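All values derive from a computational prediction rather than experimental measurement. Residue numbering restarts at 1 for every chain, and letters A, B, ... go by the order of the sequence lines.
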Number of protein chains: 2
Amino acid sequence: MGKRLPKLPMSRFDDVVSSPTIYDVARRAGVATSTVSRAFSTPGRIGEATRARVLDAARELGYEPNPHARALTSRRTQTLAMVVSDITNPHFFELIRGAEMRAKAARYTLVLVNAEESPRIELEQVQRLSRSVDGFLLAASRQPAENLVKVAAEHPVVMVNRQVPGLASVVVEHTEGCRQMVAHLASLGHTSVVYLAGPPNSWMAASRWAAIRDAAAEYGLTAVRAGPFTPTVGHGGAAADAAIRTGATGIIAHNDLLAIGVLRRLADRSVRVPGDVSVVGFDDIFAADLCSPRLTTLGGAHANVGRAAVEILLESIGAPRDLRPVPEVALPSELVLRDSTGSPGSTPREDHS
Amino acid sequence: MGKRLPKLPMSRFDDVVSSPTIYDVARRAGVATSTVSRAFSTPGRIGEATRARVLDAARELGYEPNPHARALTSRRTQTLAMVVSDITNPHFFELIRGAEMRAKAARYTLVLVNAEESPRIELEQVQRLSRSVDGFLLAASRQPAENLVKVAAEHPVVMVNRQVPGLASVVVEHTEGCRQMVAHLASLGHTSVVYLAGPPNSWMAASRWAAIRDAAAEYGLTAVRAGPFTPTVGHGGAAADAAIRTGATGIIAHNDLLAIGVLRRLADRSVRVPGDVSVVGFDDIFAADLCSPRLTTLGGAHANVGRAAVEILLESIGAPRDLRPVPEVALPSELVLRDSTGSPGSTPREDHS
DNA sequence: CTGAAAGCGCTAACAG
DNA sequence: CTGTTAGCGCTTTCAG
């Protein structure tokens with residue numbers, strides 16, 4: 001018992017009156033430290049009565065396990081990292097919200113990282129956090145697949161809104177969604193669509209374009225792609241101009257932000273929506289219902305995506321590496337019809353400015 | 001050197017090939033472990049040449065300090081927690097974004113917690129994280145001031161968009177902002193305003209009401225308060241009805257979300273904005289520029305608030321407890337004039353439904 | 001400026 | 001089911 005007497009190295013400031021440890025609890029409860037440990041970490045492998053005694057002692061002392069000491073030996077941190085490609089995009093809001101809530105419910109802590117659209121920052125931060133978290137949620141990663149596979153070899157990872165062969169992922173279904181989108185446009189009488197593409201290294205951008213092209217072929221529309229564009233409102237101007245130039249009457253923007261920017265530019269150029277052209281977006285962000293005209297968009301319950309991703313990650317953490325499940329979940333999307341789509345008028349588009 | 005031979009307790013799964021430690025680096029560089037430690041944590045107190053040698057060895061081995069081991073002895077975690085009252089509110093987006101970026105720049109990790117408008121969850125989470133983070137950013141805390149003082153006695157804390165005597169805080173200036181708001185309404189010819197209040201335990205709500213009331217007195221308007229309302233779009237309906245009932249022509253909603261909900265309800269009831277009544281909000285969220293009519297609102301650079309809060313927190317962490325600065329920073333707000341405010345028409349409001 | 005040594009608080013064999 | 005014991009990887013006196 002004299003063991004714990006030696007002078008402690010002081011923390012820099014005598015700020016914190018050092019809190020009770022398992023030793024204090026053990027002494028008070030009259031058990032070994034390992035028993036205290038078990039009472040907290042493996043409640044199954046300890047006698048009911050002993051456990052109660054330990055818990056009492058702990059409460060009386062105001063004992064709380066030290067997460068770092070715990071992590072140091074057990075290598076479990078009870079922390080998850082979510083790295084998003086661009087925190088500026090409201091779309092991620094929902095994702096983050098869902099993930100945070102699910103993590104909290106599981107008594108996990110959620111660390112948030114903004115990769116600022118940079119694959120380098122993304123990797124750097126994953127690297128930096130690799131010892132601090134139990135697993136990663138990689139949302140809309142801009143990383144080449146090979147790097148992701150490497151990361152996944154070292155840590156539990158679940159991809160969000162991106163699929164990589166061999167890795168767990170949660171996406172909102174978009175192949176069928178894009179089909180519906182194109183079908184909707186076709187049924188309105190459009191014969192041509194343009195996809196205003198997202199970032200060049202965006203898996204989603206490639207994936208959506210493929211789906212749109214296929215659907216267009218199926219419905220007998222011509223489809224072209226313009227861009228890539230940074231999917232923000234600000235870049236909607238250039239995107240709109242590019243769209244007009246293609247002569248297509250169906251404009252499919254990479255996301256709602258870009259679509260809203262397109263809408264603005266179109267209004268400035270006196271191109272009527274949906275009279276002259278129709279515009280659709282992706283994500284169904286809050287603002288899509290507020291802009292004018294209100295935006296038709298492919299939505300999906302993104303909070304659920306965040307939630308599901310955390311759930312899968314948690315399972316993955318609990319499982320031995322080789323038995324680790326690699327589910328590819330696709331949550332349903334839903335085409336939300338609003339006012340930015342309609343039949344293209346017979347009047348040719350022209351610039352009234 | 002035989003020290004490190006004994007069988008290591010295996011991690012549950014032989015997942016991770018245990019990474020190099022200071023021991024490995026020390027051996028390779030031919031120095032003591034303490035020297036390796038110094039090379040990373042106190043670069044000043046070590047010879048230039050030695051340091052270089054250690055760093056080389058570390059690089060060759062791919063060594064990365066283990067944050068938990070570090071935290072265990074040093075009690076510094078390089079992690080900050082940001083707890084927001086309601087992650088659902090886009091307003092916090094900006095705050096979070098600013099905080100994340102500043103934290104990342106300082107090589108700190110940002111943990112995100114959603115208090116879901118519950119003071120209990122708020123406190124619970126602070127408690128839970130108290131050993132895992134170096135300090136707290138408490139955004140729009142719903143906590144009684146006394147509890148906050150207690151928390152701040154135990155950890156570095158900076159309040160965001162809330163002031164508590166004796167605690168560090170960053171807010172966007174609103175007293176003057178409310179004055180401008182009321183002045184704007186007065187100059188338009190309004191003679192009465194109603195404040196649609198936010199949550200009962202919201203400091204902001206109390207603070208804004210006080211400022212509005214004072215400003216109204218100053219400009220000779222009558223001011224009444226209605227509510228409290230949960231400041232979401234969904235609750236805008238009831239808020240609008242309450243506002244109409246007061247007969248005031250100047251409607252000041254607690255935030256943009258509520259204001260947008262009010263706008264909707266007003267449109268449904270065929271109350272013209274700004275013909276019959278004017279509506280103003282707070283925060284200048286993205287959607288405020290998109291709704292119709294576009295919303296006049298009191299904005300401010302919220303990302304800067306997040307950034308500033310992190311900066312202050314970082315300083316606070318570096319300082320001994322009693323010398324800890326307690327700045328109360330107020331960043332400028334800005335009244336953004338848009339289309340939801342105008343002169344009240346002579347036609348009495350009526351329900352055309 | 002550098003090395004030796006003693007822990008930080010906890011978990012995980014290993015016995016019993 | 002419970003106790004003993006040896007570390008996890010790092011920081012920090014304390015000497016030199």
Side-chain angles (χ1 to χ4, degrees), chain A residues 1-13 16 18-27 29-54 58 61 63-78 131-132, chain B residues 1-13 16 18-27 29-54 58 61 63-78 131-132:
Chain A
M1 191 152 289
K3 278 196 74 163
R4 296 185 51 55
L5 295 185
K7 69 240 138 142
L8 331 157
M10 285 305 271
S11 75
R12 278 176 315 163
F13 314 115
V16 186
S18 62
S19 0
T21 72
I22 37 172
Y23 286 87
D24 303 314
V25 178
R27 190 174 335 122
V31 299
T33 60
S34 50
T35 302
V36 178
S37 175
R38 285 183 198 107
F40 284 91
S41 355
T42 51
R45 295 188 217 164
I46 189 181
E48 190 53 48
T50 330
R51 171 140 196 273
R53 198 141 40 84
V54 171
L61 259 33
Y63 165 80
E64 294 266 352
N66 178 321
H68 298 293
R70 199 172 242 188
L72 189 54
T73 36
S74 69
R75 292 175 179 289
R76 267 163 290 131
T77 62
Q78 295 281 118
R131 293 276 205 331
S132 319
Chain B
M1 191 151 289
K3 280 197 71 166
R4 298 182 53 55
L5 295 185
K7 70 234 136 150
L8 330 158
M10 285 304 273
S11 76
R12 279 175 316 162
F13 316 114
V16 186
S18 64
S19 2
T21 72
I22 37 172
Y23 286 86
D24 304 313
V25 178
R27 190 174 335 124
V31 298
T33 60
S34 49
T35 302
V36 177
S37 174
R38 285 183 196 109
F40 283 91
S41 353
T42 52
R45 293 189 219 165
I46 189 180
E48 191 51 50
T50 330
R51 171 139 194 271
R53 195 140 43 83
V54 171
L61 259 33
Y63 166 79
E64 293 267 351
N66 178 320
H68 297 293
R70 201 171 241 188
L72 189 52
T73 36
S74 70
R75 291 173 182 290
R76 268 164 288 134
T77 63
Q78 294 281 117
R131 291 277 208 331
S132 320

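Look at CZ on Arg76(B): it is 17 Å from P on dC8(C), rounded to the nearest Å. The separation between Arg27(B) atom CZ and dA4(C) atom C1' is 17 Å, rounded to whole Å. A straight line from CG of Leu72(A) to P of dA6(D) spans 18 Å, rounded to a whole angstrom. Remark: P of dT11(D) and NE2 of His68(A) are 13 Å apart, rounded to the nearest angstrom.
Contact check, Arg70(B) against dC8(C): no side-chain N or O comes under 4.0 Å of OP1 or OP2. Considering only side-chain N and O atoms, Arg51(A) lies nowhere under 4.0 angstrom from the phosphate OP1 or OP2 of dC1(D). Under 4.0 angstrom from either OP1 or OP2 of dG9(D) there lies no side-chain N or O belonging to Thr73(B). One finds no side-chain N or O of Thr35(A) lying less than 4.0 angstrom from the OP1 or OP2 phosphate oxygen of dT2(D). One finds no side-chain N or O of Arg131(A) lying less than 4.0 angstrom from the OP1 or OP2 phosphate oxygen of dC10(D). Remark: Arg45(B) is not in phosphate contact with dC1(C), judged by side-chain N or O atoms under 4.0 Å from OP1 or OP2.
With dC8(C), dT11(D), dG9(D) as the choices, the nucleotide that has an atom nearest any side-chain atom of Arg75(B) turns out to be dC8(C). When the nucleotides dT2(C), dA12(C), dC10(D) are ranked by their closest atom to the side chain of Ile46(B), dT2(C) comes out on top.
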* To do: Kindly indicate, with the supporting measurements, whether the criterion side-chain contact (heavy atoms from CB on, under 4.5 Å) is fulfilled by Asn66(B) and Leu72(A).
  => CA-CA 9 Å; Asn66(B) 178 320; Leu72(A) 189 54; 4.1 Å; yes

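Place Asn66(B) and Gly44(A) on DNA chain D by their nearest nucleotides, and Gly44(A) ends up nearer the 5' end. The residue among Thr33(A) and Arg38(B) whose nearest nucleotide of DNA chain C lies closer to the 5′ end is Arg38(B). Comparing Ala49(B) and Pro67(A) along DNA chain C, the residue whose closest nucleotide (by nearest heavy atom) sits nearer the 5' end is Ala49(B).
When heavy atoms are screened at a 4.0 angstrom cut-off, Phe40(A) is found touching no nucleic acid atom at all. Looking at heavy-atom distances under 4.0 Å, Val36(B) makes no contact with the nucleic acid at all. Base contact: Ile22(A) has a heavy atom under 4.0 Å from a base atom. Using a 4.0 Å heavy-atom criterion, one finds that Glu48(A) contacts no nucleic acid atom at all. Residue Thr42(B) is classed as having no contact, given no heavy-atom separation below 4.0 Å to the nucleic acid.
A donor N or O paired with an acceptor N or O is found under 3.5 Å between the base of dC10(C) and the side-chain atoms of Tyr23(A). Contact of Ser37(A) with dA12(C) (side chain to base): no donor-acceptor pair of N or O atoms is detected under 3.5 Å. The base of dT5(D) is not paired with the side chain of Ser34(A) by any donor and acceptor separated by under 3.5 Å.
Between the side chains of Arg38(A) and Thr50(A), no donor-acceptor pair is found at a separation under 3.5 Å.
Pairing each heavy atom of Ala29(B) with each of Arg53(B), the nearest pair is O-NH1, 2.6 Å. Contact between His68(B) and Thr77(A) at its shortest, heavy atoms only, is NE2-CG2, 3.3 Å. Closest heavy-atom contact between Ser41(A) and Arg70(A): OG-NH2, 4.2 Å.
Distance check, rounded to the nearest 0.5 Å: OG of Ser132(A) to CD of Gln78(B) gives 10.0 Å.
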